[in-house]
Structures are given as C-alpha cells and as structure tokens.
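Read through the structure below, which is laid out as structure tokens, and then see the notes.
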Amino acid sequence: MSERFLSGRTALVTGATSGIGLAIAEALGAAGARVAINGLGSAEQIEAAKQRVGAAGAAEVPYFDADLSDPAAVESMMAKVQAWSPPDVLVNCAGVQHTAPIGEMPAATWDRIVAINLSAAFHTMRLALPGMVERGFGRVVNIASVHGLVASVQKSPYVASKFGLVGLSKVAALEAAAAGSRQSGGVTVNCVCPGWVETPLIEPQISARARAAGGDREAGVRELLREKQPSLRMSLPADIAATVVFLCRPEAHNLTGAAIPVDGGWTAQ
Ligand code: NAD
C-alpha cells in the first residue's frame, strides 16, 4: 500500500489551525489527500497552517471560515465544502475547555463547549455522512478524549460533550456500517481518545500546576502526568495524527464504532 494511499481523496479537518488538528491535516496531506481546513486564528496563523499542510504534501489546502459554535455557520461552511468537493474523510477536531466546579460553571460556557465539542460534529456529520454512504467510501474520525471514557473533576461540559461525542459516533457507525464494500472501502466512524497531548489547549492547566510548584513549568507538566497518565509521557500531536491516518487506511474498513484511547494507560486504571 502506497504511503500516498489517500491520493484522489479529499478531507475536511476542523480545528486545524492549531495543535492536534493541524498535525492531522498535515498527516492526511502527506498521505495524499487534498485537505480543507477550518479553525479560528489570525490571518497569519491561518496562512501558516495552510503552508504547513501544503508542505506536508497536500496538493490543495482551501480554508473554510466558520465559528463552529453557530449551527448556521457550520451549515454554510459545509455547503461551501460540498461545492469544493464532498469530503471522503471528515475529522472533527475543534474543541475547547474550561475548568470550574459545576456550581461555578457559567451557563453560557456550558452552551459554548457543548456547541463546539459535540453539536458541531453532529452538524458536519449529518451533512457529510449521507454522501459517503452513497459513494461507499468514507472515514469519520472524531477527536474525543479520555474524558469521553472517564470523568475528572471541574470539567462538566467537556466530559459531557466528549461522552456525547463517543455515543454519537457509535450511532453513526451503526447507521453507516453496511455501506459500500471491501473494494470501495466502506464507511467507518470512530473516536480517538487522547490523554495529555502537548498543545495550547492544556497550557492553562499546566500553568496552574506550575504556579503551585513555584513557577516551574516542567514541574507542572510532571504533576499533570503523575495524577492520571501512567506512561508519564505527553503525546505529541503527530502521535494522535498517526492513529487517525491508520483509521483512514483501506484495511481499517471493519474498524468502526470504536473509541480508541491514546492515553499512556490512563483509562486502563
Ligand atoms: P488547540 O487549542 O491547539 O486547538 C483547538 C482548535 O479548535 C484550534 O484550531 C481552534 O481554532 C479550533 N476552535 C476552537 N473553537 C472553535 C470554534 N468556535 N470554531 C472553529 N474552530 C474552533 O487544542 P488541541 O489540544 O489541539 O485540541 C484539539 C482537540 O483535541 C479538541 O477537541 C480537544 O478536546 C482534543 N483533546 C486534546 C487533548 C490535549 O491534551 N491537548 C487531550 C484530549 C483531547
């Protein structure tokens, strides 16, 4: 199987202007796909992301602007994506976090986190999945979290949205399971569930622990890992991207409805 096994295919990656989503877009480009990206950021950040995905090997890297907390914006983005090319691969990676006890969690923060982490994935899937089923090939990979499998304190909307994303993905996997054939590649829907990954998303949590350790960032990282992640190693965004690429391979046609932990043993405990 060629390393460019996604040649001739297209992908849409949300949250691809930073962190894990950007690494996934690069890896799909390296595998031969034309990769549409979405995500927030300055014009410079968006241009830098496009350059990186192109340099990785994507022949085309259109950017589709949309604040995914707004269902109408998701719908209008998906119409533009479909006009470019109905995506063969859909990766829902955009996500946000806010930590506070339930009693102190602002109601608007709950609404925003659930809208971005869960409802946006429902909207992209409801608009992209029927085309995949019709064509007999498709890969949906939703970036959930260990927090889609187990809970932690102070993360009520995040944990609720990620558990919801795992459930939503299983329903979609069942509905699409019989589409296509071994030859066409089939349609699969899975979640990848990372533990700690070095990205801007977790910086506030590192900083809080670093402050408690007298300002030592490395001590903050060690404390974060010691609490939950037995490997005591962070994942890199590229490590998560490698799992996503595997799920897109033809031989993964029967790997569907799964929530795959990449968490250094966090959820084995
Ligand atoms: P990140 O902050 O580096 O990237 C988040 C991306 O989502 C950015 O591109 C951002 O622009 C985009 N985004 C945020 N709000 C958006 C909105 N309203 N509309 C459109 N795009 C929006 O974070 P990351 O760590 O790369 O997170 C990516 C995904 O991985 C998230 O779903 C997160 O929950 C998940 N995750 C991260 C970790 C970790 O340790 N970093 C662990 C488990 C799961």
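We count ligands from 1, going down the list as the structure has it; atoms in each ligand are counted the same way.
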Between [X] and ligand 1, which residue portion shows a heavy-atom distance shorter than 4.0 Å: side chain, backbone, both, or neither?
{"X": "Met234", "answer": "neither"}
{"X": "Leu22", "answer": "neither"}
{"X": "Ile202", "answer": "side chain"}

Tell me, which protein residue and heavy-atom name are nearest [atom], and how many Å apart are they?
{"atom": "atom 1 (P) of ligand 1", "result": "Ser18 OG, 3.6 Å"}
{"atom": "atom 23 (O) of ligand 1", "result": "Leu201 CB, 3.3 Å"}
{"atom": "atom 16 (C) of ligand 1", "result": "Leu40 CD1, 3.6 Å"}
{"atom": "atom 25 (O) of ligand 1", "result": "Thr199 OG1, 2.4 Å"}
{"atom": "atom 34 (O) of ligand 1", "result": "Tyr158 OH, 2.5 Å"}
{"atom": "atom 42 (C) of ligand 1", "result": "Gly195 O, 3.0 Å"}
{"atom": "atom 12 (C) of ligand 1", "result": "Gly15 CA, 3.7 Å"}
{"atom": "atom 19 (N) of ligand 1", "result": "Leu68 N, 2.9 Å"}

Distance, nearest 0.5 Å, that separates CZ of Arg34 from CG of Leu28: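 Here the interatomic distance stands at 13.5 Å.
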Value rounded to 0.5 Å, distance of CG in Asn92 from NE2 in His123: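 Reported value, rounded in 0.5 Å steps: 11.0 Å.
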From Val91, Thr14, Ile20 - option closest to atom 30 (O) of ligand 1 by heavy atom: Ile20
Closest to atom 5 (C) of ligand 1 among Gly95, Gly19, Ala115, Ala144 (heavy-atom distance): Gly95
Heavy-atom gap [X] to ligand 1 smaller than 4.0 Å:
{"X": "Lys162", "value": "yes"}
{"X": "Pro237", "value": "no"}
{"X": "Ala120", "value": "no"}
{"X": "His147", "value": "no"}

Geometry only, no angles: is [X] polar-contacting ligand 1 at N/O separations under 3.5 Å?
{"X": "Cys93", "value": "yes"}
{"X": "Ile116", "value": "no"}
{"X": "Val197", "value": "yes"}

I need the atoms of ligand 1 closer than 4.0 Å to a non-hydrogen atom of [X], numbered in the order shown.
{"X": "Trp196", "result": "40 (O)"}
{"X": "Ala66", "result": "19 (N), 20 (C)"}
{"X": "Val96", "result": "14 (C), 15 (N)"}
{"X": "Asp67", "result": "17 (C), 18 (N), 19 (N)"}
{"X": "Arg112", "result": "18 (N)"}

Could you tell me whether [X] atom [atom1] has more than 12 heavy atoms of other residues or ligands within 6.0 Å of it?
{"X": "Arg209", "atom1": "CZ", "answer": "yes"}
{"X": "Arg126", "atom1": "CZ", "answer": "yes"}
{"X": "Leu236", "atom1": "CG", "answer": "yes"}

For [X] and [Y], does a side-chain donor sit closer than 3.5 Å to a side-chain acceptor?
{"X": "Thr188", "Y": "Thr256", "result": "no"}
{"X": "Ser69", "Y": "Arg112", "result": "yes"}
{"X": "Lys50", "Y": "Gln45", "result": "no"}
{"X": "Ser169", "Y": "Asn142", "result": "yes"}
{"X": "Trp196", "Y": "Gln205", "result": "no"}

N-O pairing of Glu47 and Arg52 below 4.0 Å: no
salt_bridge(Lys170, Glu175) N-O dist < 4.0 Å: no
Any Gln82 side-chain heavy atom under 4.5 Å of Pro87 side chain: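 Result yes, sub-4.5 Å side-chain heavy-atom pair found.
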Val91 side chain near Ile143 side chain, heavy-atom distance below 4.5 Å: yes
Same cluster (ILVMFWY, side-chain, under 4.5 Å), Phe246 and Ile20: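 Looking at the clustering, Ile20 is in the same group as Phe246.
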